[in-house]
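Excluded from the calculations below are hydrogen atoms, water molecules and symmetry mates; all remaining heavy atoms, backbone and side chain alike, are included. This is a predicted model, so every value here is computed, not measured. Chain identifiers are assigned alphabetically (A, B, ...) following the order of the sequence lines, protein sequences preceding nucleic acid strands; residue numbering begins at 1 within each chain.
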Number of protein chains: 2
Amino acid sequence: MAARRKVRLIDVARDAGVSPATVSRALAQPELLAAHTLDKVHESARKLAYRPNGMARALASGRSMTVGAIVPTLDSAIFAQVLQVMQSALAKDGYQLLVASHELNPAAETEAVRTLLARGVDGLMLVGAERAFETAQVLATAEAPVVLTWCASPGIASVTVDNHRAGQLAAQHLLDLGHRRIGMIVGHLHFNDRQRARLAGARAALKAAALDMPDWLVSEQPLTFAGGRTGCAELLELDERPTALIGGIDVFAIGCIQEAQARGIAVPEMLSVVGIDDIDMSAHMSPSLTTVHIPTTQIGQEAARSLVARIEGEGEISQIELPVELVVRRSSTHAPVGGAPGRNSQT
Amino acid sequence: MAARRKVRLIDVARDAGVSPATVSRALAQPELLAAHTLDKVHESARKLAYRPNGMARALASGRSMTVGAIVPTLDSAIFAQVLQVMQSALAKDGYQLLVASHELNPAAETEAVRTLLARGVDGLMLVGAERAFETAQVLATAEAPVVLTWCASPGIASVTVDNHRAGQLAAQHLLDLGHRRIGMIVGHLHFNDRQRARLAGARAALKAAALDMPDWLVSEQPLTFAGGRTGCAELLELDERPTALIGGIDVFAIGCIQEAQARGIAVPEMLSVVGIDDIDMSAHMSPSLTTVHIPTTQIGQEAARSLVARIEGEGEISQIELPVELVVRRSSTHAPVGGAPGRNSQT
DNA sequence: TTGTAGGCGTTATCAA
DNA sequence: TTGATAACGCCTACAA
């Protein structure tokens with residue numbers, strides 16, 4: 001009940017009959033102390049329920065044992081998962097995760113970087129490499145190590161995947177199945193280099209096959225399940241409707257399947273759907289979703305590892321690129337036979 | 001390139017020809033300074049690209065402008081969304097969000113509380129009211145305001161929903177539709193008071209109708225989509241299979257629908273499915289999911305508001321309970337007619 | 001092995 | 001309106 005305010009290191013020192021320095025060492029470098037001294041200190045600390053003050057410690061030592069993470073949004077399975085993995089990995093090394101999101105707003109991102117840096121984070125993780133000039137500058141002069149994820153930027157450590165290739169793989173798979181009219185649903189392209197790269201990759205694959213994906217076969221949607229349905233509906237109502245659709249994220253693809261099924265269009269028989277991400281749900285859908293696997297867990301682990309290593313002064317600036325991989329499941333199949341398979345005309 | 005190390009408040013003071021105290025005031029209480037002094041300081045600060053040191057500031061002022069949040073996991077749409085909302089709300093007031101997760105491990109939760117408190121957070125948000133005795137003690141002596149979400153605990157501020165009632169609503173809806181054999185898929189009940197309350201609520205509704213939900217109609221699964229499918233499969237293979245299923249979370253319910261459909265069991269004609277949560281996807285499924293709406297966004301907003309108010313010394317300890325509400329959509333309908341409708345026997 | 005003392009960068013309390 | 005000066009709680013050479 002009547003717990004006296006705060007116990008400080010000096011209180012423990014007094015109680016144990018040693019100097020503050022000794023107590024400090026008991027916590028940080030126990031091996032330097034005599035066994036019985038250590039015991040005394042530990043006992044006093046326990047008795048007084050001493051909890052070191054993190055801020056004071058950070059101020060004095062220059063290390064906050066805190067890592068900042070800036071993501072586009074937490075409200076996305078894939079980013080949340082990365083953070084989950086990072087936070088677990090960091091916790092093992094005694095680091096705490098400070099989280100900020102910017103909702104695809106460059107100014108908000110800049111501000112977040114500033115705040116986090118001012119907060120004294122020992123390291124910083126960011127998603128994506130596209131950013132305001134101002135942010136880039138702040139980052140460049142930051143004393144704390146920084147690691148980028150998902151997309152790389154010259155001179156900055158990163159743990160990335162080749163989003164361009166992910167788009168390419170998705171499109172190539174459909175091309176291999178004989179599809180010629182392929183549409184894509186993507187997130188808003190502004191300030192989202194991941195979605196841009198995936199779209200560009202898909203287009204590159206088509207181009208290599210002497211085909212193309214005109215703008216009217218691309219639907220920009222908010223990154224939600226509903227966005228996937230809307231985008232799908234849009235593309236299915238075209239006069240020359242596509243025989244296959246790529247979702248810029250799995251959530252879109254899953255929305256597509258739902259929308260198609262709701263319209264009586266069988267997936268994959270009448271419409272092939274391919275996603276990118278490979279979220280948990282994709283494998284368990286009916287039909288299960290063909291998608292490009294993004295190694296989310298590994299991204300989180302590597303990012304955490306890379307950051308901690310740099311913080312402890314043990315690592316170099318490294319640029320790790322994790323492989324993406326096509327996972328063929330049941331939502332994609334050969335293009336329907338016939339001249340104009342996907343034609344919407346009833347005549 | 002050769003950015004000199006760190007600019008401190010005293011450097012700005014020197015450059016502007018004023019005392020450190022004046023610079024400090026220029027940032028915190030500009031109204032106390034003469035206009036021209038303020039200008040001088042601002043100019044020097046801008047020129048030197050001065051960034052106040054958050055930790056030093058926190059140490060001296062006793063406020064870190066940081067709020068901690070402890071959730072079971074980030075890898076869950078519903079918690080991630082709450083955090084997203086909280087972080088946005090807090091950012092507006094200049095607070096930063098420190099995140100920790102414990103993966104349903106009581107010890108990890110205790111540790112997280114300790115760490116966060118030691119880190120000097122100005123406030124703390126927790127999910128659920130069930131916790132280790134040790135944690136409760138630490139919390140009780142914490143100087144920082146605490147707010148619980150999802151479940152309430154005596155004497156602690158909270159923003160909650162009635163999980164018991166949520167389960168009840170789901171079950172009652174099915175009872176009203178004539179279902180008598182109702183199964184439920186829940187998360188592991190250990191250290192998860194939300195799932196326990198929902199299950200208890202459902203059982204209470206059945207009991208009130210002189211029915212019951214025996215253990216063999218309840219499947220405990222990991223909180224994933226796959227868990228939903230597995231649990232559903234389990235219950236559908238019973239000799240006396242249920243005519244309706246409740247998902248302890250929407251993700252389970254969605255998994256159920258998939259599993260049922262994959263087995264050629266029409267939803268809702270042959271099997272009604274009801275969820276609890278009302279995540280984004282539920283409204284956009286086919287069939288759309290009948291579920292109990294949990295006001296996630298509001299929980300986040302209220303929690304943030306409550307916490308900030310208390311931190312600024314303006315609010316009382318309050319226990320807010322937000323209403324849950326049944327949302328009837330297409331995944332539930334009248335129980336199939338006939339004596340033993342859900343019988344698995346082929347004879 | 002342990003103690004002393006100066007500093008980490010701000011804020012806050014008094015005076016002036 | 002502004003300036004000294006002491007906290008804030010801990011770390012860490014350096015000394016003993």
Side-chain angles (χ1 to χ4, degrees), chain A residues 4-42 44-45 48-66 94 115 117-122 143-144, chain B residues 4-42 44-45 48-66 94 115 117-122 143-144:
Chain A
R4 57 203 164 306
R5 292 303 278 173
K6 30 204 156 180
V7 182
R8 295 162 308 171
L9 183 144
I10 197 174
D11 299 320
V12 178
R14 250 195 293 270
D15 184 272
V18 298
S19 77
T22 301
V23 178
S24 176
R25 282 193 271 261
L27 274 53
Q29 303 143 314
E31 68 278 8
L32 293 186
L33 295 188
H36 69 280
T37 313
L38 200 59
D39 285 346
K40 268 195 307 188
V41 174
H42 279 161
S44 296
L48 301 178
Y50 170 65
R51 296 267 103 207
N53 178 316
M55 295 171 300
R57 182 182 281 213
L59 223 209
S61 71
R63 298 191 33 188
S64 64
M65 298 308 284
T66 273
T115 312
L117 250 22
R119 212 64 103 211
V121 294
D122 293 334
E143 65 292 355
Chain B
R4 58 205 164 305
R5 292 302 278 175
K6 30 204 157 181
V7 182
R8 295 162 308 171
L9 183 144
I10 196 173
D11 299 318
V12 177
R14 250 194 293 271
D15 184 90
V18 298
S19 79
T22 302
V23 177
S24 177
R25 282 193 271 261
L27 274 53
Q29 304 143 312
E31 67 279 7
L32 294 186
L33 296 188
H36 70 280
T37 313
L38 200 60
D39 285 347
K40 266 194 307 187
V41 174
H42 279 160
S44 296
L48 301 179
Y50 169 65
R51 298 265 103 206
N53 179 318
M55 295 170 300
R57 183 180 279 209
L59 222 211
S61 70
R63 298 194 30 192
S64 64
M65 297 308 284
T66 273
T115 312
L117 250 22
R119 211 65 102 212
V121 294
D122 293 335
E143 65 292 354

What one should report as the nearest heavy-atom pair of B/Val18 and B/Val41 is CG2-CG2, 4.1 Å
Does a nitrogen or oxygen in the side chain of B/Thr22 sit under 4.0 Å from OP1 or OP2 of D/dT2? no
To the nearest Å, give me how far apart NZ (B/Lys40) and C1' (D/dT2) are. 10 Å
Answer whether the closest heavy-atom distance between the side chains of B/Tyr50 and B/Asp15 falls below 4.5 Å. no
Taking all heavy atoms of B/Asn53 and all of B/Ala56, pick out the closest pair and write down the distance. OD1-N, 3.0 Å
Using every non-hydrogen atom in the two residues, find where B/Leu117 and B/Ala144 come nearest and quote the distance to one decimal. CD1-CB, 4.5 Å
Can any side-chain N or O of A/Arg119 pair as donor or acceptor with the backbone N or O of A/Ser64 at less than 3.5 Å? no
In degrees, rounded to 10°, what is the bend between the two ends of the helix from C/dT1-D/dA16 to C/dA16-D/dT1, using five pairs at each? 30°
Would you confirm whether B/Ser61, through its side chain, and B/Arg57, through its main-chain N or O, come within 3.5 Å as a donor-acceptor pair? yes
Separation of A/Leu48 atom CG from D/dG9 atom C1', in whole Å? 16 Å
Which atom names give the shortest non-hydrogen contact between A/Leu9 and A/Pro20, and what distance separates them? CD2-O, 3.3 Å
Specify the separation, in whole Å, of atom CZ of A/Arg14 and atom P of C/dG3. 14 Å
For the residue pair B/Pro52 and A/Ala118, what are the closest heavy atoms and their distance? O-CB, 3.7 Å
Starting from P on D/dA13, measure out to CG on A/Leu32 and report it in whole angstrom. 12 Å
What one-letter contact string describes nucleotides 7-16 of chain C from 5' to 3', where B marks a base within less than 4.0 Å of any protein heavy atom, S marks contact via sugar-phosphate atoms alone, and - marks no contact? BBBBSBB---
